[in-house]
2 protein chains.
Amino acid sequence: MPTIKDVALKAGVSATTVSRVLNNRGYLSEELKHKVHQAMEELNYRPNELARSLSRSKSNIIGLIIPHVSLPFFGELTSHIEEHAYREGYKLLLCNSWQDKQKEQEYIHMLRASRVDGIIMGSHTLEVEAYRQMNLPLVTFDRQISPDIPYVCSDNYEGGKLATTLLIQKGCRHLAHIGGHPKLNILSHLRCVAFEDMAKQHNLEYVTLHTDNNSFDFEAYEQLLGQLFAEHPEVDGIFAGSDIIAAYALKACRTRGRRVPEDVKIVGYDGIMLRSLLDPPITTIRQPMEAIGKLAVDLILQQVQGHSVAAAHILPVELEEGATT
Amino acid sequence: MPTIKDVALKAGVSATTVSRVLNNRGYLSEELKHKVHQAMEELNYRPNELARSLSRSKSNIIGLIIPHVSLPFFGELTSHIEEHAYREGYKLLLCNSWQDKQKEQEYIHMLRASRVDGIIMGSHTLEVEAYRQMNLPLVTFDRQISPDIPYVCSDNYEGGKLATTLLIQKGCRHLAHIGGHPKLNILSHLRCVAFEDMAKQHNLEYVTLHTDNNSFDFEAYEQLLGQLFAEHPEVDGIFAGSDIIAAYALKACRTRGRRVPEDVKIVGYDGIMLRSLLDPPITTIRQPMEAIGKLAVDLILQQVQGHSVAAAHILPVELEEGATT
DNA sequence: TTGTACGCGTTATCAT
DNA sequence: ATGATAACGCGTACAA
């Protein structure tokens, strides 16, 4: 691969000048620019980003740690993050933590060693101290780690409220919520809290079930739904913590001969694109994923530029009615 | 951030010695090792990978270019690739090309500039020349670019054969295939070829439809299915080019009152995990995604090590019967 | 067994 | 306006 020196030699100038042309610094005659650009063309020269990063102490890389890219929600989020990062001249280093404590820690070390400019965390199994120690621009999803670490999330409480209210309005009297593990500080647990608040407020019976781990295990969802229908056959309204869970709920209803929405109504959460291939289309609470992804990137960039940013970034959700309510 | 010099100073040795400890080169007394390690601990030192990469002319980064991570197939593949790359000490730089020619080209430039050690391409809109020019270890999916560029794919022909044969065995007499655009050299088109071969061999009527672009447009699938049922109401067996398309076929059947599998039978392709939330579970041709991901990474690593690798890597598929046949 | 000196490719500082 | 020189942090001959 040709270096800046090769270009300099070919153009008959010094490496410094080539660097100036490259970065548009200082005063450069058009003729000189042209000469240098031509030499670059001829050599098919690309500046070595590793050397640039080292010299500038800035890699223009953002690290992304999420449980699994293969999950629709994270896949879509990743897509948006990558899109905006690229637009801003940043690259994305992808890390699947599998929601595993050790992997998460190793990835953090690795990203620090790679001198990424910031980390977007969609996976959180570690203690607060582990996050503070890394001393890097950071943004998290759906988790408030400490007052000084910015987080982005959808309006989980409002979403839970919208979903539950809809079920009640449509005549459901025996409500159920199925969600992930209510780990401390996981903001998505607010969906569950809103659900319970609404149910109580209307004096309705309700049950809440949740997976006992963070592994996003599909089989666990199936089991949970089996348990729900076995123990609470009277349930006629389900608020699922994600569209995936809602899809399993739909399947479970059909398996057991419960008609949807006549006998049981279902509302999901997220608004993943793949819901369009479900039949009937599920009613859901849509998160503004693109905005979330863009904001996460922007919050990193602002920190990189030395600005301090607010901690809470709660984005509005939207009820999208399908045919399961 | 502390540098190797800080560690050297603290441990009372030279930077060279620290580097030796870091890389386990040469003869080092246990005592010395211990001393250095301790200094590293105390300073929370992490070697700067940028500097290492520059010095060694090796970044330990693999670039991955795919159309969309948010599509289940690519999401799962990405997950496996990341997993194996990480295990081998490599990082993954993610690029969503949106199947866009210009983005793809820009990403290739960007990855070259970043001095990635190799590129895994799951997106291909460019001409052969563009690939040759990059002069980097390369592996592609489902596309034979030129005889010297290794590719990995599932046994597309065999998969198409299995799917079609099953439909025929189950009594289908009017077959249809819906797949992506049959662009030159796209190996997945072999699924379609096998379909046609089998249909002809059994003297059965058949139609093949395909999207007219590469955009993986969900709406296009819906339209295509509408067209299929409008123009060919007699169709009783559908071989879909992907599980996503199969899901839309299922939905289209239900919308039109066609019972599955009684009136129409459906077979998909890929074997994405999310098919488990479809109801009924679709019959599909499962690609060994994990093996594909691992092989792609290994083929890059072998090239990095200077070994030449075979061009064709065709992995076996498996018929997995669900309830749509 | 350990240290010195130089190179990796680029940017920044200081001259000219 | 342009060039020489020193850094950025690390690896590696070569020397001792």
Side-chain angles (χ1 to χ4, degrees), chain A residues 1-37 39-40 43-61 89 91 109-117, chain B residues 1-37 39-40 43-61 89 91 109-117 136 304:
Chain A
M1 292 244 197
T3 76
I4 201 170
K5 288 178 191 163
D6 299 319
V7 177
L9 203 67
K10 182 146 212 147
V13 295
S14 75
T16 307
T17 302
V18 177
S19 174
R20 281 212 184 83
V21 173
L22 219 48
N23 301 289
N24 256 319
R25 271 192 240 296
Y27 308 90
L28 307 160
S29 72
E30 283 305 320
E31 191 197 333
L32 204 160
K33 276 192 198 173
H34 182 72
K35 212 166 53 179
V36 172
H37 278 132
M40 289 184 184
L43 292 170
N44 191 20
Y45 167 77
R46 298 283 151 189
N48 184 331
E49 290 294 334
L50 292 172
R52 292 183 125 174
S53 298
L54 181 61
S55 178
R56 301 197 284 222
S57 305
K58 184 159 181 316
S59 65
N60 273 38
I61 299 179
K91 299 154 246 170
H109 286 327
M110 187 268 270
L111 291 175
R112 280 194 71 211
S114 298
R115 297 303 189 265
V116 297
D117 293 334
Chain B
M1 292 245 196
T3 76
I4 201 169
K5 287 178 192 163
D6 299 318
V7 177
L9 203 66
K10 181 146 214 147
V13 295
S14 75
T16 307
T17 303
V18 177
S19 174
R20 283 213 183 82
V21 173
L22 220 47
N23 301 290
N24 256 321
R25 267 193 240 299
Y27 309 90
L28 308 159
S29 73
E30 282 306 318
E31 190 198 334
L32 204 159
K33 277 190 196 173
H34 182 72
K35 214 166 51 179
V36 172
H37 278 131
M40 290 184 185
L43 293 170
N44 191 19
Y45 168 77
R46 298 281 152 190
N48 185 329
E49 289 294 333
L50 293 172
R52 292 184 123 175
S53 298
L54 181 61
S55 177
R56 301 195 287 221
S57 305
K58 182 158 182 319
S59 65
N60 273 39
I61 298 180
K91 298 155 249 170
H109 286 327
M110 186 268 270
L111 292 175
R112 280 194 71 210
S114 298
R115 297 302 189 265
V116 297
D117 293 335
L136 252 173
V304 166

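Keep in mind it's a predicted model, so treat the numbers as computed, not measured. Because only heavy atoms are used, hydrogens play no part in the values below, and waters and symmetry mates are left out as well, while side chains stay in.
Contact of the B:V13 side chain with the B:R20 side chain is not registered, since no non-hydrogen atoms from C-beta on lie closer than 4.5 Å. Considering only heavy atoms from C-beta on, B:M1 stays 4.5 Å or farther from B:R46 through its side chain. Within the 4.5 Å cutoff, side-chain heavy atoms of B:V18 are placed close to those of B:M40.
Under the 3.5 Å distance criterion, with hydrogens and angles disregarded, no donor-acceptor pair is assigned to the side chains of B:S19 and B:T16.
Between B:K33 atom NZ and C:dT1 atom C1' the separation is 13 Å, expressed in whole Å. Residue B:L50 contributes atom CG, which lies 10 Å from atom C1' of D:dC8 at whole-angstrom precision. Straight-line distance from the CG atom of A:L28 to the P atom of D:dG3: 11 Å, rounded to whole Å.
For NZ of A:K58, the number of neighbouring non-hydrogen atoms (other residues, nucleotides, ligands) closer than 6.0 Å is greater than 12.
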If the sugar-phosphate is the primed atoms plus P, OP1 and OP2 and the base is the rest, what is the B/S/- string for nucleotides 7-16 of chain C, using protein heavy atoms under 4.0 Å?
-> BBBBBB-B--

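Phosphate contact (OP1/OP2 of D:dG3, side-chain N/O of A:T17, threshold under 4.0 Å): present.
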Using the side-chain contact (heavy atoms from CB on, under 4.5 Å) rule, take A:T3 and A:N48 through it: C-alpha gap first, then chi angles, then the decisive distance, then the call.
-> CA-CA 8 Å; A:T3 76; A:N48 184 331; over 6 Å; no

